[in-house]
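Only one structure is covered here, and it is reproduced in the block below.
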Amino acid sequence: VKKMQNDQHTLAELASLIGAELNGDPKSKIYGLASLNKAEPGQISFLYGSRYQLMASSRYQKYLMTTRASAVVLKPQMAALCPVSTLILDNPGQGYVKLAALFAKRPYIVPGIHSTVVMGMNCQIDSSVSIGANCVIGNHVVIGSNTIIGAGCVIADDTHIGTDVCISPNVTIHHQVQLGDRVIIQSGAVIGSDGFGMIRERDSWKMIPQIGGVTIGNDVEIGANTTIDRGSIEDTIIEHGVKLDNQIQVGHNVYIGANTVIAGCVGIAGSVHIGQNCMIGGATGIADNIEIADNVIFTGMSQVTKSITKPGIYSSGTGIMPHRKWQKNIVRLHSLDDIAKKLQNLEKSDNE
Amino acid sequence: VKKMQNDQHTLAELASLIGAELNGDPKSKIYGLASLNKAEPGQISFLYGSRYQLMASSRYQKYLMTTRASAVVLKPQMAALCPVSTLILDNPGQGYVKLAALFAKRPYIVPGIHSTVVMGMNCQIDSSVSIGANCVIGNHVVIGSNTIIGAGCVIADDTHIGTDVCISPNVTIHHQVQLGDRVIIQSGAVIGSDGFGMIRERDSWKMIPQIGGVTIGNDVEIGANTTIDRGSIEDTIIEHGVKLDNQIQVGHNVYIGANTVIAGCVGIAGSVHIGQNCMIGGATGIADNIEIADNVIFTGMSQVTKSITKPGIYSSGTGIMPHRKWQKNIVRLHSLDDIAKKLQNLEKSDNE
Amino acid sequence: VKKMQNDQHTLAELASLIGAELNGDPKSKIYGLASLNKAEPGQISFLYGSRYQLMASSRYQKYLMTTRASAVVLKPQMAALCPVSTLILDNPGQGYVKLAALFAKRPYIVPGIHSTVVMGMNCQIDSSVSIGANCVIGNHVVIGSNTIIGAGCVIADDTHIGTDVCISPNVTIHHQVQLGDRVIIQSGAVIGSDGFGMIRERDSWKMIPQIGGVTIGNDVEIGANTTIDRGSIEDTIIEHGVKLDNQIQVGHNVYIGANTVIAGCVGIAGSVHIGQNCMIGGATGIADNIEIADNVIFTGMSQVTKSITKPGIYSSGTGIMPHRKWQKNIVRLHSLDDIAKKLQNLEKSDNE
């Protein structure tokens with residue numbers, strides 16, 4: 001398998017791009033980016049670390065001494081340990097992001113509207129927009145400049161999409177959805193599906209027509225196969241800067257505050273209100289009508305059955321145990337109330 | 001952003017539509033529907049509440065006195081508190097459903113079979129059916145009257161779809177699936193994928209061909225990105241009136257009884273049998289081959305590892321705790337069996 | 001509803017196909033396969049059982065005496081109990097797999113590349129490949145012999161797909177993905193979506209460009225609506241023989257060892273390393289950067305928050321309880337640390 005050859009750049013160009021101090025041959029040619037332990041001559045690598053960054057220095061520092069990379073982006077205090085050229089930066093993570101953008105092999109974007117696109121009536125599509133093959137665009141759709149829509153997407157009536165938005169293939173956006181600027185939507189995501197609202201009628205359930213829309217702010221990321229239901233009356237709202245991982249379910253009339261980050265497989269029931277700058281660990285479940293304050297962190301698989309009014313870190317779950325030990329402990333958990341009562345009786349008799 | 005203007009209706013028309021007693025100007029014009037606290041003049045609002053209905057009166061009653069709506073649908077006993085016109089109904093929720101259907105801004109449905117549809121051989125498609133752009137229909141497919149199929153759907157060979165069915169864009173329905181009447185399927189759903197059956201062969205696993213189909217009754221709702229596997233031999237069966245939310249996984253040969261409601265992100269392993277009129281909370285997991293009686297309720301994130309033979313409410317999980325408190329309690333849980341034994345010893349010595 | 005009529009086979013042909021000893025009329029005609037309790041004359045049935053096989057004999061043995069099947073595949077020791085013709089085999093499960101493949105009613109595969117396919121530049125597509133309607137294939141895509149791609153799939157630039165691969169409709173495969181031979185991908189799956197990596201910039205988050213790919217070995221199964229993120233720098237890797245059920249999330253730079261089996265709804269965060277021959281129960285969550293040894297089994301809904309270094313069975317969760325009992329026990333769990341301390345005090349005073 002022959003990989004695509006990237007353009008080459010000199011170390012001087014790369015140092016200038018990321019604003020780093022270069023120690024090494026400025027004319028040295030670099031064709032790619034790799035981890036310290038995988039890099040080969042001609043590639044640049046990096047060392048940085050702090051929580052929620054790509055790679056923690058604790059795991060990779062050991063590879064610094066033996067790296068085969070031609071150069072490494074790192075902090076000033078690590079430079080002396082590096083056997084090859086260095087690009088020194090107080091924040092190597094930010095430098096990495098710029099290098100990754102430079103070396104990313106993005107798929108070839110076909111400019112313009114592909115001949116197979118089925119276009120509705122009275123749309124306003126900026127001339128710089130790219131719409132991939134077999135997309136189906138509804139009526140009265142507005143799409144801003146430089147937005148890219150991958151193949152096979154369906155975008156329904158009255159939807160408005162901002163500028164510099166990137167929508168991957170096979171995404172479904174229903175009618176009356178508003179997307180801000182620089183939104184990224186991964187494949188298989190569904191925005192504006194009907195919420196799960198129903199009323200009881202005699203011995204069966206009747207679905208309630210969902211007449212709200214979805215409003216999504218700027219700089220929002222929506223992961224693959226994530227679903228966001230439309231509002232039942234008013235809109236479901238995702239504020240600026242929210243990042244949603246893959247396979248998240250967002251119920252009708254949910255509100256997610258600015259810059260909140262939600263990891264994969266989280267389920268958020270209807271009418272939940274989540275504050276700003278929260279971090280929600282993977283596979284967390286949040287029951288309907290709950291309110292979460294700003295700056296709340298849930299660790300993975302949290303079971304959020306009541307509102308959280310104070311910032312802080314919250315957790316649920318039993319952790320992981322060897323199966324036999326788990327069986328014994330959980331049998332006891334099923335009579336923990338009795339255990340606690342017996343203890344109280346003992347304490348009482350002890351005090352008498 | 002200019003919203004679509006809905007048709008206007010008089011209060012008299014609306015009262016007649018929902019069978020309500022009108023107190024107010026019958027000629028007053030209404031163009032839309034909104035919550036009590038969001039409604040503007042020209043809109044109608046509502047107040048009702050009971051569990052599993054759209055909005056609980058406890059949360060919205062406070063907005064009644066100051067609503068800007070032109071009229072409110074509510075119960076007789078609330079009418080005296082309402083400062084604007086009233087539409088009085090014993091069951092305001094049912095009235096709301098009819099109004100929501102009236103004011104819903106549905107996407108424009110293209111009648112007939114779009115010119116881009118790829119149609120198989122020997123299909124029986126009623127002349128009233130609408131099939132959206134870029135759908136691919138297999139051979140021997142039967143589709144009943146007034147059914148609507150959104151853009152980009154794939155419907156494979158020998159599948160039968162009833163009347164008044166509504167399938168959203170980008171749905172996949174595999175071969176030999178039977179859908180009843182008035183079924184609703186949201187985008188991204190997959191019906192009839194191969195079940196996860198395998199046998200061990202020496203040091204690896206071999207998938208077992210899945211030769212059953214899927215049978216889905218009338219009035220079933222299937223949420224966005226929900227997956228329903230075909231049966232391994234006989235069919236996977238979803239009975240009449242079952243409502244499935246988004247991102248639910250239904251394994252092969254599962255049986256779900258009539259009018260059971262299942263919230264988002266639930267995982268149901270193979271050959272599970274679920275009774276009628278159950279309510280299964282979000283993100284619940286049900287292990288394979290388990291049987292659930294009629295009228296069972298699981299709260300959210302239940303871990304169903306054994307059959308449930310009696311109606312009632314069942315729960316799992318630890319609830320949510322501040323992280324530090326959780327750490328301390330869970331460390332103790334991991335030795336709860338020891339704790340219980342120590343208590344027994346103390347009780348014994350106490351009784352001696 | 002008239003079902004497709006399968007070809008008929010004689011018992012002699014079937015016995016020969018699966019290598020069984022036949023007791024019965026070799027000319028007897030068989031048109032289908034069904035369970036012991038559902039089979040009708042003209043159908044063949046089977047009885048076998050062990051864990052992780054299709055049907056456990058414990059559940060179906062009771063139907064053997066009264067089966068209406070024309071013949072049954074079973075073990076030598078069960079033959080005497082069977083009232084009809086027998087096909088005797090030491091491993092009836094393997095025989096079943098071959099019969100199921102024979103009687104499976106697969107959808108009609110259109111040979112060649114459908115006229116509606118949008119094909120990129122410089123692709124190498126073997127002449128035996130079938131590509132369904134409305135697929136969109138990128139540039140420099142390589143597809144090996146006998147591979148079948150269902151309708152509506154999008155396969156992006158520089159992706160290489162092996163031989164005898166089967167991709168169901170509406171699958172999305174992003175750029176720079178490598179698929180081995182005999183891989184099966186169910187509908188709605190997304191391979192190579194961007195991973196969820198970001199860095200903090202002042203008061204918001206910035207996504208990190210994801211420049212790695214995805215490498216998938218031979219004989220891998222990927223379930224419906226499962227998502228596999230591309231690597232951030234190096235590839236996400238799924239080794240030979242891995243079986244992934246529906247709605248699984250695999251984060252960036254995850255490594256899954258050969259022949260590991262993962263049930264539905266599992267979430268695997270970034271940079272997790274899973275060994276060979278593991279079995280991961282449904283809806284398990286695995287936190288980022290965790291390492292799992294070979295031959296580890298997690299039961300369903302495990303909460304894997306630390307690395308597992310030894311083979312064995314591990315579990316999490318509280319099991320299921322009647323709701324009232326659960327409430328009482330969980331209230332106590334929330335003060336279990338206090339309970340344990342009080343017990344320690346009692347023990348101390350008891351010993352004094």
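Throughout, a chain's letter reflects where its sequence line sits, starting with A, and its residues are numbered from 1.
Neither the backbone nor the side chain of I248(A) comes within contact range of chain C, judged by heavy atoms closer than 4.5 Å. Of the atoms belonging to T116(A), it is side-chain heavy atoms, and not backbone ones, that fall under 4.5 Å from chain C. Only the side chain of I330(A) comes within less than 4.5 Å of a heavy atom in chain C; its backbone stays farther off. Heavy atoms closer than 4.5 Å to chain C are found nowhere in A283(A), neither backbone nor side chain. Contacts between E221(A) and chain C at a heavy-atom distance below 4.5 Å involve the side chain alone, from C-beta outward. With a threshold of 4.5 angstrom between heavy atoms, Q327(A) does not approach chain C through any atom at all. Both the backbone and the side chain of K342(C) come within contact range of chain A, judged by heavy atoms closer than 4.5 Å. For a residue to count as touching a neighbouring chain, one of its non-hydrogen atoms must lie under 4.5 Å from one of that chain's; by this rule H240(A) does not touch chain C. Using a 4.5 Å cut-off between heavy atoms, N134(A) contacts chain C through its side chain alone, with no backbone atom that close. Neither the backbone nor the side chain of S115(A) comes within contact range of chain C; no heavy atom of the residue lies under 4.5 Å from a heavy atom of that chain. Heavy atoms closer than 4.5 Å to chain C are found nowhere in D219(A), neither backbone nor side chain.
Between D157(C) and N139(C) there is a side-chain heavy-atom pair separated by less than 4.5 Å.
Within residues 332-339 of chain C, the residues having any heavy atom under 4.5 Å from a heavy atom of chain A are, by residue number, R332(C), L333(C), L336(C), I339(C).
Ring planes of Y314(A) and F298(A): tilted class, angle from 30 to 60°.
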